[in-house]
Amino acid sequence: MNPQQTKSSINPIAGGLTVLLAMALAVAIGWTGFMASDDSLYFAGADRWLREPPFVGDNHWTTRFPLLWSFAAMLAVFGRNFVAFAATALLWYTVLIALVGLFAARVGGARTGWIAALIAATLPVIVVNATTVGVDLLETALLLGGAWLLGEAGHGANRAALIRGLVAGMCFGTAIVCRETSLLALLAMGPLFLIGRPVGRGVLIAAGVGLALVLGGEALFQWALTGDPLRRYTIAFNHDSHIDRAANHEGNFLLHPAVDPLLVLLINDDFGLLFWIAGGGAITLFRHGWRISHAGPIIVLAAMALASFALVAVLTEKLVLNPRYFMLPAILAIVVAALWLSHLAGRWLWPILVGMLSINLLMLSVGNAHPRWEMEALIEASKTHPAEVISGDPVMVRRAKLPMEFAGRANIKYAPAAAGKLVVAPISTAPAGKVITRYPSPPTRLGAGIDALGLRRLVPGALHRRMFAPNETMVLVRTLG
């Protein structure tokens with residue numbers, strides 16, 4: 001390992017522009033946008049806060065107040081449209097990338113910070129959650145911010161250290177209000193309290209006070225308006241009474257429950273080569289010295305990431321092995337990888353870093369950018385045939401409610417269609433009648449690029465559907481009658 005100084009000579013403006021370029025490129029490649037899923041529920045909650053405040057929430061998603069408030073602010077600024085959706089998602093993406101970069105810079109120097117920001121900006125598990133309204137990036141930013149504050153407070157018993165601990169606890173409490181699974185990472189505070197290092201017990205007590213202030217305030221809010229101070233927790237722990245382990249197989253390579261969580265980190269599009277690079281880097285740093293300027297924050301983050309990983313791994317009856325539940329381990333891996341890379345000479349650093357970022361972008365480009373293609377086809381059919389009522393699958397009609405409202409149309413209904421009327425359906429299950437329009441699936445972005453270069457013939461046949469037609473072709477049919 002090159003023992004060169006890790007402080008960066010990169011001009012801050014050039015570094016910032018590079019990170020912004022990486023963010024823009026990653027978001028452009030990985031953009032999905034409106035999913036007609038959790039984001040619809042967040043919109044309903046944010047809209048209620050604008051129209052009928054205060055709103056206590058009526059389901060698992062509309063009690064996540066910090067996200068709802070930021071979403072409501074964007075709706076107030078941009079109006080009730082998808083620009084507000086995008087602005088909310090990109091806001092928390094930007095906050096998290098900035099926080100990761102600054103955290104890494106504090107731990108290992110400016111060069112480490114720039115590298116970490118670039119890796120985070122392109123990491124698929126982060127970018128995928130940056131294109132649609134969701135709680136994952138906000139929750140992760142709050143946990144990371146709290147870990148940083150605790151690590152900076154250290155053993156101090158002075159006023160500044162206790163204030164840091166208090167604010168860290170408030171960050172943790174706000175993260176729990178965003179999603180109760182934050183508690184898993186916070187169980188790491190128990191061992192840290194017993195050890196008394198690297199954070200003093202007084203600071204951890206102050207953090208507990210901060211956490212209690214936030215959670216107590218939320219409980220008082222619920223009690224004042226509903227009479228039940230624990231209402232959010234009743235909703236949270238009963239919204240999914242059981243999750244079938246079969247859901248774990250979606251996008252994961254699994255062998256056995258004992259090793260499956262590790263395989264999610266090592267073999268998954270959402271993480272690329274991150275954990276391989278971080279693992280190799282950690283071994284090298286362990287042998288040659290970490291050369292960390294401020295160890296407290298990364299030790300706290302490591303403890304929280306380990307607790308989160310271990311508990312998600314065993315709670316398969318309440319949580320699936322979804323990559324987004326491993327965000328804290330991913331942030332830790334980003335910082336470790338950046339620490340290692342920042343010590344390498346340029347002839348090693350740039351090929352490895354560029355290769356890593358390229359793999360991240362490649363993983364983004366093979367994702368299905370139109371997972372709701374049936375809904376999109378239904379909306380397009382309603383646009384091109386505004387004088388007729390288009391029938392569609394009831395689930396897709398419900399999902400299309402918000403886009404139709406924004407477009408000012410209401411000409412869709414549940415299938416089946418009456419005789420002689422129009423219906424949108426997958427080509428394999430379409431009813432008998434005259435096909436008016438076909439809606440072939442858009443290719444993945446990598447597939448589109450391959451097509452543009454005229455290289456489709458070089459792609460193995462087994463990959464054609466995944467690459468060039470990830471969704472079934474939809475058809476608009478006029479039924480017989």
Side-chain angles (χ1 to χ4, degrees), residues 16 19-20 22-23 26-27 38-39 42 46 64-74 85-107 113 116-152 164-186 188 207 210-211 214-215 270 274 297-298 300-305 307-309 322-335 338:
V19 172
L20 287 174
M23 292 171 65
V27 168
D38 292 1
D39 47 1
Y42 292 133
R64 294 172 171 176
F65 301 125
L67 177 63
L68 298 188
W69 294 334
S70 61
F71 196 0
M74 294 303 169
F85 279 69
T88 305
L90 292 173
L91 166 67
W92 294 117
Y93 171 56
T94 303
V95 169
L96 181 60
I97 300 311
L99 195 56
V100 169
L102 292 170
F103 179 95
R106 179 63 172 164
V107 169
L118 285 170
I119 297 172
T122 59
L123 190 68
V125 73
I126 292 177
V127 177
V128 166
N129 286 290
T131 71
T132 186
V133 176
V135 77
D136 301 275
L137 303 187
L138 169 56
E139 177 195 23
T140 304
L142 288 166
L143 291 174
L144 179 59
W148 189 355
L149 287 166
L150 277 186
E152 291 286 356
R164 285 193 181 99
L166 181 73
V167 177
M170 295 178 71
C171 288
F172 294 148
T174 307
I176 293 171
V177 174
C178 286
R179 187 164 58 191
E180 291 74 15
T181 50
S182 295
L183 280 165
L184 302 180
L186 297 182
L211 184 146
V214 173
L215 297 186
D270 280 346
L274 173 63
I298 195 170
V300 176
L301 174 61
M304 292 170 61
S308 176
F309 172 79
N322 191 313
R324 64 193 176 93
Y325 288 128
F326 297 100
M327 291 285 274
L328 269 190
I331 299 301
L332 175 64
I334 288 170
V335 177

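Position 1 is the first residue of the sequence; numbering continues from there.
- Ring-centre distance between F71 and F85: below the 6.0 Å cut-off.
- Contact between W92 and S70 at its shortest, heavy atoms only, is NE1-OG, 3.1 Å.
- Under the rule for a side-chain contact (heavy atoms from CB on, under 4.5 Å), the partners of S182 that lie at least two apart in sequence or sit in another chain are E139, L143, A175, I176.
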Intermediate values then yes/no, side chain to side chain contact (heavy atoms under 4.5 Å, CB included), V95 and L137: CA-CA 9 Å; V95 169; L137 303 187; over 6 Å; no
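- Here OG1 of T88 is found 15.0 Å from CH2 of W69. Values are rounded to the nearest 0.5 Å.
- Remark: side-chain polar atoms of T132 are not paired, donor with acceptor, to backbone N or O of V128 under 3.5 angstrom.
- For the pair P329 and A305, the tightest heavy-atom approach, listed with the atom from each and the gap, is CG-O, 3.7 Å.
- Put simply, the side chain of L211 does not reach to within 4.5 Å of the side chain of M170, judged on heavy atoms.
- Applying the side-chain contact (heavy atoms from CB on, under 4.5 Å) criterion to R106, with sequence neighbours excluded, gives W148, E152, H294.
- One distance of note links CG of L67 with OH of Y42; it measures 6.0 Å at 0.5 Å rounding.
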field: Stepwise side chain to side chain contact (heavy atoms under 4.5 Å, CB included) check, F172 with L142
entry: CA-CA 6 Å; F172 294 148; L142 288 166; over 6 Å; no
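- With values rounded to the nearest 0.5 angstrom, L184 atom CG is found 13.0 Å from F309 atom CZ.
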message: The test is salt bridge (charged side-chain N to carboxylate O under 4.0 Å, His left out); show your working for D136 and R179 and say whether it passes.
response: CA-CA 8 Å; D136 301 275; R179 187 164 58 191; 2.9 Å; yes
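- Nearest heavy atom pair, residue V214 against residue G173, reads CG1-C, 3.6 Å.
- In this structure, I334 CD1 and M327 CE are separated by 8.5 Å, a value rounded to the nearest 0.5 Å.
- Taking all atoms of both residues into account, the shortest heavy-atom contact from V127 to T122 is CG2-C, 3.8 Å.
- Side-chain contact check for T140 versus N129: every heavy-atom pair is 4.5 Å or farther apart.
- Residue L149 holds its CG atom at 7.5 Å from CZ of R164, rounded to the nearest 0.5 Å.
- Closest non-hydrogen pair, A185 versus L328, comes out as CB-CD1, 3.6 Å.
- Of the possible donor and acceptor atoms, none in the side chain of S308 sits under 3.5 Å from a partner among the backbone N and O of M304.
- Between C178 and L138 the shortest heavy-atom distance is SG-CD2, 3.6 Å.
- With values rounded to the nearest 0.5 angstrom, I126 atom CD1 is found 13.0 Å from T131 atom OG1.
- In this structure, the side chains of I97 and Y93 come closer than 4.5 Å at one or more pairs of heavy atoms.
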